[in-house]
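Encoded as structure tokens, the structure appears first; notes follow it.
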Amino acid sequence: MYFGVAPMFYKYIWNNHSWLEGQQETKAKHLDIACCRRDSAALQVLLSADEDFLLTISSDPLFWKGGPLKIARIEVETEPFLTTEVKLIGLIEDDDRCLKSDLLLEQNEIFVKQRKIQQVWVECHASAETPPGIYKGKIRLFTHTMFEDERLERECTFSLTVKDYLLPEPSDYTFYLDLWQHNSNIARKYQVGLWSKEHFEILDRYLHSLSQLGQKAVTLVVSEIPWSGQHSHRDRRPSDLFEYSMVRVSRRTDGSFRYDFSALDEYVALAEKHGICAEIELFGLLNIWQDSEAGYGSIVENHPDGIRIRYFDESSGTFCFMRRREDLDAYIQALEKHFIETGRIDRVRVLADEPKDFELFQERLAALRQTAPSFKYKVAIQHVEFIRRNMEGIHDYVPVLNCVAGEHSRLKELRPQIPGNLLYYVCCYPEQPNTFICSPALESRVIPWLVEKLQLDGFLRWNYTVWPDQPFEQLSYRAPIWKAGDMNFVYPGANGKPILSLRYKWLQRGIRDYELMQILKASGQAAQVEAALNDVFRFRNPGELSPEANRKNSNLYSLEPADYDRLIVDL
């Protein structure tokens, strides 16, 4: 068997390779890694063989259902003061039909075909109480067949240097992370009732995974299908991507409306339990995505937007949609009043996702501000016109990276006038840097580094759980417009638990790098942070990040882990 170690950013593509690949990729037998306290460092173990085998990371008894087969077992030994997480790494099919590493599997064993490389994730966690120092680790490979006694085949080693710097708790991260949540999709994948007890138990686990990244915002959908199912009706193979309102509305027999905010409140409280309490995002009140020709148009008379409010009519016993402007305004005012009464109005942001027509957007915004003057607004900006022209009343600006690159000077001028945060986002574009399955591993890590380099506040992405109908069988959806991985950072695992991805872990590493930078700057070591940024970035002005500049990613930022690691190693 071939057995070795690789950096945490190793990425495997199983397609057409030399038969010597396993031997070549496993040459390294030792690795040095480093982290701070309340931090972690990871590496990968690589295994391959000239024949099929079964791999386990558990000490439980194991036989192969197909008969006699070599069984390999990985065992990781570390010193006290560390906790170690070991997971098998799974592959997912990319748009090009190649299988690529991404999933951190919850299962303990896996069948490995001959000459395929099997990765194992090994992550060592240092707590706030872990003494700084160098810790030794061993990774042992045992094998046996049927009733043979196990024998030690190989051994690899690693060292973990824990630095005397303490990272904050994720809830106290200064990096402003906003990954949108699509909770109706979660209910569909687990086949549980929308906003049921079972649904919230699952959401609890997903919010925990978000909290470990330092997530700041909780997503509330307060009207029906504000993205119109991402316009999946246009696709050759549509997926159910509809997001439904968290507010249940009913009309009494006397004609008055009742609003049930209980599911909304429960979700906000659940997020607060996990430390996600900086912002409450409202989707479904501004810039509703429409496709009138296909039936997804505006239904409220004399209103410039396409808000859809479903209610149960107690007189007829049927579900209906609001069509009168005064009924819609009363609903929006009830929402505003509810957030005021619960003491959360200052955290509420009404989201506009990629408005296209500036004048129409101003009209919609004016209508909403007149109806509910206490709301604050946040805009995901796709067009430079929204940066070049004055958007009065916008609290938080979130331009796509293309716009940041092209309008960086203008954003610096605007910065003192922006009351809230200035973030950037990527989505199905630009191609680089991004977090697609096909993206280089370090592009997930470089995303927070760009926030520091460009002097922004954080990062937004739309994609935490927007899975297509069968994400494990076909993650690719709407290619080549949306590349595989554009729609998710985690996968719907068994027992209501998210399966994390390598891209999740790589982004987390970048966020922790950012937190360390802030600690170093606060302690008078800004020059060290600047040196680290200079090691990583190759561009001289942000305009080079624009796709129009036609620069290769390797000419914009480093694709070598060591250039990033020096931030920690050189402390």
Side-chain angles (χ1 to χ4, degrees), residues 180-189 191-200 203 218-233 238-268 280-339 348 350-353 364 367-368 371-372 375 466:
W180 294 349
Q181 301 113 61
H182 292 71
N183 294 328
S184 297
N185 207 20
I186 290 176
R188 278 192 293 273
K189 293 301 178 288
Q191 298 183 346
V192 296
L194 200 58
W195 321 124
S196 63
K197 177 184 175 183
E198 293 79 10
H199 190 194
F200 277 107
L203 293 180
V218 58
T219 297
L220 306 182
V221 175
V222 295
S223 72
E224 306 301 340
I225 63 169
W227 293 281
S228 294
Q230 304 293 340
H231 292 164
S232 68
H233 57 273
S239 281
D240 186 348
L241 300 175
F242 293 111
E243 286 297 314
Y244 298 108
S245 178
M246 303 182 79
V247 183
R248 288 192 168 95
V249 182
S250 57
R251 186 178 185 179
R252 302 181 182 92
T253 54
D254 64 3
S256 62
F257 283 92
R258 179 192 298 113
Y259 314 108
D260 180 358
F261 300 114
S262 58
L264 179 151
D265 289 339
E266 186 173 352
Y267 189 61
V268 171
I280 298 169
E281 300 176 315
L282 294 190
F283 288 89
L285 297 183
L286 183 61
N287 197 60
I288 307 304
W289 288 16
Q290 300 182 49
D291 187 349
S292 298
E293 291 180 357
Y296 297 93
S298 177
I299 62 173
V300 177
E301 299 172 1
N302 302 316
H303 194 278
D305 217 329
I307 304 169
R308 304 130 182 175
I309 306 299
R310 178 178 181 257
Y311 66 91
F312 180 73
D313 189 300
E314 295 179 356
S315 295
S316 64
T318 60
F319 285 97
C320 308
F321 285 88
M322 287 184 181
R323 303 187 186 278
R324 299 193 311 164
R325 173 75 178 264
E326 55 265 40
D327 293 338
L328 174 59
D329 287 348
Y331 169 71
I332 295 170
Q333 289 165 354
L335 263 174
E336 178 191 38
K337 180 181 178 183
H338 180 73
F339 285 114
V348 172
V350 175
L351 261 290
D353 187 8
R364 290 170 171 174
L368 196 51
T371 304
F375 283 151
V466 201

Minimal heavy-atom distance between Asn183 and Thr219, with the atoms involved, is ND2-O, 4.3 Å
Test item: Gln290 and Tyr296 side chains (from C-beta on) under 4.5 Å apart, heavy atoms:
no
Say you draw a straight line from CZ of Arg324 to CD1 of Ile299; how long is it, rounded to the nearest 0.5 Å?
14.0 Å
Could you tell me how the ring of Tyr259 sits relative to the ring of Phe257: parallel (under 30°), tilted (30 to 60°) or perpendicular (over 60°)?
parallel
Taking Ser228 for its side chain and His231 for its backbone only, find out whether a donor-acceptor pair lies under 3.5 Å.
no
Looking at CE of Met246 and OG of Ser223, how far apart are the two atoms once the value is rounded to the nearest 0.5 Å?
13.0 Å
Pairwise distance CZ(Phe242) to CZ(Arg188) - rounded to 0.5 angstrom:
8.5 Å
Can you name the nearest heavy-atom pair linking Ser184 to Glu243, along with the distance?
N-OE1, 3.0 Å
Can you name the residues that form a salt bridge (Lys or Arg N to Asp or Glu O under 4.0 Å) with Arg325, not counting sequence neighbours?
Asp329
Minimal non-hydrogen separation, Ile309 against Val222, with atom names:
CD1-O, 3.8 Å
Does Pro304 offer a backbone N or O that forms a donor-acceptor pair with the side chain of Arg364 under 3.5 Å?
yes
At their closest point, which heavy atom of Glu336 faces which heavy atom of Ala372, and how far apart are they?
OE2-C, 3.2 Å
Parallel, tilted or perpendicular for Phe375 and Phe339, by the 30°/60° rule?
perpendicular
Would Arg308 and Phe321 count as a cation-pi pair here, with the cationic atom under 6.0 angstrom from the ring centre and within 45° of the axis?
no
Would you say that Leu335 contacts Leu285 through its side chain, given a criterion of any heavy-atom pair below 4.5 Å between the two side chains?
yes
Note: Gly284 and Pro226 closest approach over all heavy atoms is CA-CB, 3.7 Å
For Trp289 against Asp353, the heavy-atom pair lying closest together:
NE1-O, 3.1 Å
Value rounded to 0.5 Å, distance of CD1 in Ile307 from CG in Asn287
10.5 Å
Look only at the side chain of Asp305 and the backbone of Ile288, and say whether a donor-acceptor pair between them is shorter than 3.5 Å.
yes
Sub-4.5 Å side-chain heavy-atom contact between Ser245 and Arg310
no
Give the ring-plane orientation class for Trp227 versus Phe283, where under 30° counts as parallel, over 60° as perpendicular and anything between as tilted.
tilted
In the structure I gave you, are the side-chain heavy atoms of Val249 and Met322 within less than 4.5 Å of one another anywhere?
yes
Spacing of CZ belonging to Phe200 relative to CH2 belonging to Trp195, to within rounding of 0.5 Å:
6.5 Å
Rounded distance [0.5 Å steps], CG in Leu220 versus CG in Asp265:
9.0 Å
